[in-house]
Amino acid sequence: MAVLVDKNTRVIVQGITGHQGSFHAGEMMKFGTNIVAGTSPGKGGTKFMDKVPIVDSVSEAMGFEPNATMISVAAPYVRDAAFEAIDQGIKLVYILTEHVPFHDTMEIVHEARLRGITVIGPNGPGITVPFDCKIGIMPNKIFKQGDVAVASRSGTLTYEIVDAITRSGMGESAVIGLGGDPVVGLTFIDVLKMFEADDRTKKIVLVGEIGGNNEELAAKYIKDHVKKKVVAYITGRSAPPGKRMGHAGAIIEKGVGTADSKIKAFNEAGVQVAEYPMDVPGLLR
Amino acid sequence: MAVLVDKNTRVIVQGITGHQGSFHAGEMMKFGTNIVAGTSPGKGGTKFMDKVPIVDSVSEAMGFEPNATMISVAAPYVRDAAFEAIDQGIKLVYILTEHVPFHDTMEIVHEARLRGITVIGPNGPGITVPFDCKIGIMPNKIFKQGDVAVASRSGTLTYEIVDAITRSGMGESAVIGLGGDPVVGLTFIDVLKMFEADDRTKKIVLVGEIGGNNEELAAKYIKDHVKKKVVAYITGRSAPPGKRMGHAGAIIEKGVGTADSKIKAFNEAGVQVAEYPMDVPGLLR
Amino acid sequence: MNLYEYMGKEIFRKYGIPVPDGYVVEQLTDVREYRKPVVVKSQILLGGRGKSGGIKFARSSEELKNGVKELLGSKIRGLTVTKVLVEDMINIKHEYYVSFALNRSERSPVLIASSSGGVEIESVPQNQIFTRKIDPLLGYSDYVGREASKFMNLDKNLSAQFRSILEKLYKVYEEEDCELVEINPLVETAEGNLIAADAKVIMDNDSMFRHKDIKITDPEKTPLELEAQSKGYSFIELDGQIGVIANGAGLTMATLDALTLHKGKPRNFLDLGGTDDVEIVVNAFDLVLKADPKAILVNIFGGVTKADTVANGIVAAKKRFKITKPIVVRLSGVHDDEGRQVLKENGIESFPTMMEAIERVVKLAGEA
Amino acid sequence: MNLYEYMGKEIFRKYGIPVPDGYVVEQLTDVREYRKPVVVKSQILLGGRGKSGGIKFARSSEELKNGVKELLGSKIRGLTVTKVLVEDMINIKHEYYVSFALNRSERSPVLIASSSGGVEIESVPQNQIFTRKIDPLLGYSDYVGREASKFMNLDKNLSAQFRSILEKLYKVYEEEDCELVEINPLVETAEGNLIAADAKVIMDNDSMFRHKDIKITDPEKTPLELEAQSKGYSFIELDGQIGVIANGAGLTMATLDALTLHKGKPRNFLDLGGTDDVEIVVNAFDLVLKADPKAILVNIFGGVTKADTVANGIVAAKKRFKITKPIVVRLSGVHDDEGRQVLKENGIESFPTMMEAIERVVKLAGEA
């Protein structure tokens, strides 16, 4: 298996008939993702795009032997949908939804961890392994198969950087959006372990932002454990303290988690930090 | 390691200064159990029997590197004590206390399971592996080292049967009291797996009682997976339906879990069921 | 701890589960003015009250008063009705069943639901019953209710009501430390609303330290059992002639089993528990004597409870209560020799094995 | 969502955490008869109110009225005081600190406690601060409080009170979906009681669908930010001259960063989010124009938000609001060619890369 997913990954979409769910399920199928079923309570028995069976519950969807799910339901219902997937033992749970209360996410993430289940998100663009499998909302066209693995706390900015990498002639082995919330399923350290173990991956890009100490911990981890080349970009340098920049995760708390502290930590770990997003490909060479 | 514990097991006693805790800690030490510390909030800094350090919390007790705990605190405080031990990652948690609300036990047992922690009890006599380690309240003098493993839902009755085995000239490889409550940490199937895998154990005795379907499930498991000789005794044959016989676990519900159903299940699995407790050694020959 | 229907419904109301309006009547003067059709329901802890005549329907002031008069103080299968619940009659369109109970082997709660309610759930065919294990850490969540709704063919409106009730019912189960919460029947009214027409709530006795507001005496217990409970003994009255005192629930049960196999009939179950106090033994005799057995068997395997302590207790009890009935004692385990010596000195028969003691006490009871 | 002290204390009271008796005053006529010494506290969301003169002590009817008069309507560090809390004065023997907050990297709540309260916790030496991760599945349990009590050297009586407060405070944290619950100072009174002299409660904005009873406007937000919030935009006013519209929080932040590195000063942060609706673009312009920037930069990487949709939105906004200020657009990603064509036809400058657009807008803003 590549990073977390591959061609054999069998995906369901919880909330496949919703506005977001249906659009992105279609895009994922175009990308090559094997969507085996979708759930939409009350709409069981119909088909999505004349092809993918729609069922009423994850319990029924288990008949299609999924091992990953994309949750695309409104924020108040995410806890229920995630618990439904965890209860059935689905091993990879990606939550697309934004504005999930972080107390719900804490419960989801801790339950999942103890059961050996990986949670991606919430409020991130998902995971893409070109061209094995995409679970999430990244634009299909920016990818090219290659050896650069990208992990990011941001969405659009990830696309910007992936696009720059692709345009520069390189390609991606895996791209994971951790999610922009204060509590998300994966840390940079979690994905660094995966990237380091992944044969396809030769170089690693981390896209961080202000808030929390995820980047600082990652820098320390890189120093001690990562042999592959790592490059970083940090956004939010110009953010005034205490102002909330859209991502709930990006609050500068009491001087911890500033852009400066993160850049310093990376530099100390021998990780070059790009000044502008488009400088990333240059640093990878 | 023998079944769950051995000479190297490092035990703490939560509530070591209580009436029960101190008495049984003393007995355990006489048996040879390696008690490395005891907790008693507010009494930290003193010693138990001039020997075992007393500390205020499990967190402090971790300095003595325990890997098992005996919880002997009053029922309303068991949940707190068990969570304290689970939070510190102690791998074997024995709960001596009776009258623990079963909703508390459900939480404790499920949390522990997910973390790879074994819970014995509540409301059972614990575990004894002669003469490596005893965690619990079984009388020291009834044991003899041997090859019979005993698992029981009852306390005193266990002693009666162990005593009979010892008097008959045989001895025990391990004795586990599952506990008499409706919800306990271990099932007969759990211990059958351990006994089957244990080199010292050649023969197995299960002491069941009315209520639940633990025995029926065990019988099926024995038929399919257990090669060692198994003998059983079931108590509560004469219990009138619906009467509560001291053990909350021993309610006959709606015709399920009667003594007859259990005896029948064992017989079908080729397990002989003793009519009287003292008949057990005879069946083992 | 089995709660009366009206108590269960009070809890349901507190948690927002719809129940019919009603009030409790303990004497005729409690009856309020008749306004609309009501049901008068005896508050006893037995299934099948209706069939036993414990429920009356009243469509007039006259019928209401007569119904209450008839039921209050009446006996239903041995139990005296001291309270009746007067409740608004509801227009039943359909009856469902729903409960949360404990699945012991899974160590988890289980949801049981069926479209076939209003009858004992055991009589409903398995394929009409939805059962679903609830992970106690995940708890009840809406997806479980959606699965149940689908199984039960509930339409959108009913499903929404049903799921809202399930969520609250699970809260009752969890927060009130219940062994069982059951609504049978859960009624769909002619107006399309779901309402709990009955309430069965069994709370975990061991949890009562968290629910000090709830104080009822278990009506299934005899006065002697209640006395024993208040004194901290695990004690059950049975209908035989041989009084039994043993230590440990398992050994006590095994003693009853062995007695029964020897054609002896136990008068009671009494578990001394783990004790080392002479007075606890003496008080145990007090209880057993009140049950007026023909002979008394004491079966002790000494451990925490030392055999000589029990022997001293027996001697003290014999003196204090001037017992003339035969007492047969089996002592084994810790300090058994010392104990048997004490008994011998006081002229009380004792044996080292359970079988000898049982044979002896059965014989003595038969002669008495 | 930052709650005022008096709101936090209402919640504390509901959960049984001891707080001083008090009442809120919005106008002089709300002041009640003076009975005993009180503290008059301005209700503003700033630390260090005391030092800024926002707290008055009143030991007479006169002082009470004067205190309220002085504070109501006064400005403290830019914020107008519209409410004051009049509260019984307490006899302070010692001040402690306690809070539950989120530890992001552990994805867990953390308990922070100290014997050195009444000051900003950042100023307390690390070795006087007790911190303990709470496993969100195990939740807070008494053993954590015992560990904290020991660290803080609380005697038995204080420890019991403290642990009872901790248990309730964690309930507030969990049930009210808080980012932070803080009591600073937690006062030990001369009488030996612990009482919450202040209350800082920050609720998770994303959880407000569960807390519909709580409705306050964030006083830290400017009127324009509040307008943006009501319209569903993530919008922050800054003090520069270049209006910014981008899509995605990360890209928007990166845009501000790049602008700043180019000596450009952003007037705002505006994240369009994932949208494909022309009107959302138009309304974004409305907000940015109200902030009166010297030039406007639009930075779009097309994905869910298609570049041509944004281009159409820009054209529509330009017409509707008759914009004469320079607009510089960067379009890339999905439908970027089509989008740039639309802009070109309407005389709006656009670039394929972020750097070109940033250099251009900084230049234009400098000239404006």
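Chain letters run A, B, ... following the sequence lines, proteins first and then strands; every chain starts at 1.
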Hey, what do you get for [atom1] ([X]) to [atom2] ([Y]), rounding to the nearest 0.5 Å?
X	Y	atom1	atom2	answer
D:Asp206	A:Thr97	CG	OG1	11.5 Å
A:Tyr276	D:Met354	OH	CE	8.5 Å
A:Thr235	D:Leu256	OG1	CG	7.5 Å
D:Glu106	A:Leu217	CD	CG	8.5 Å

Take a 6.0 Å sphere around [atom1] of [X] and say whether it holds more than 12 heavy atoms from other residues, nucleotides or ligands.
X	atom1	result
A:Arg115	CZ	yes
A:Lys264	NZ	no
D:Lys231	NZ	yes
A:Asp224	CG	yes

Side chain, backbone, both or neither of [X] within contact of chain D (heavy atoms, under 4.5 Å):
X	answer
A:Val184	backbone
A:Ile234	backbone
A:Asp190	side chain
A:Pro76	both
A:Phe102	both
A:Pro101	both
A:Glu27	neither

Between D:Ile300, D:Thr260, D:Asn247, D:Thr252, the one whose heavy-atom pairs under 4.5 Å with chain A are most numerous
D:Asn247
Out of D:Ala254, D:Gly303, D:Ser207, return the one with the most heavy atom pairs under 4.5 angstrom to chain A.
D:Ala254
With chain D as the partner, which of A:Asp163, A:Asn214, A:Val109 has the greatest number of non-hydrogen pairs under 4.5 Å?
A:Asp163
Between A:Gln20, A:Met278, A:Glu160, which has the largest tally of heavy atom pairs under 4.5 Å with chain D?
A:Glu160
Smallest separation among heavy atoms of [X] and [Y], with atom names:
X	Y	answer
A:Ser154	D:Gly250	OG-CA, 3.2 Å
A:His103	D:Cys178	NE2-O, 2.7 Å
D:Met253	A:Gly236	SD-CA, 3.6 Å

Got D:Leu259 and A:Ser238 here, is their nearest side-chain heavy-atom distance under 4.5 Å?
no
Heavy atoms, side chains only, cut-off 4.5 Å: are A:Thr187 and D:Arg107 in contact?
yes
Relative to chain A, which segment of [X] carries a heavy atom at a distance below 4.5 Å: side chain, backbone, both, or neither?
X	result
D:Phe209	side chain
D:Leu137	side chain
D:Pro266	neither
D:Tyr233	neither
D:Ser108	both
D:Glu120	neither

Report yes or no: does A:His99 contribute a side-chain atom to a donor-acceptor pair with the main-chain N or O of D:Asn205 at less than 3.5 Å?
no
Are D:Phe301 and A:Ile142 close enough, and set up right, to give a side-chain contact (heavy atoms from CB on, under 4.5 Å), and what steps lead you there?
CA-CA 11 Å; D:Phe301 192 92; A:Ile142 58 176; 3.9 Å; yes
Can you see whether A:Asn213 engages D:Ser105 through a side-chain donor-acceptor pair at a distance of less than 3.5 angstrom?
yes
Only residue of A:Glu275, A:Arg237, A:Glu209 satisfying side chain to side chain contact (heavy atoms under 4.5 Å, CB included) with D:Asp257 is A:Arg237
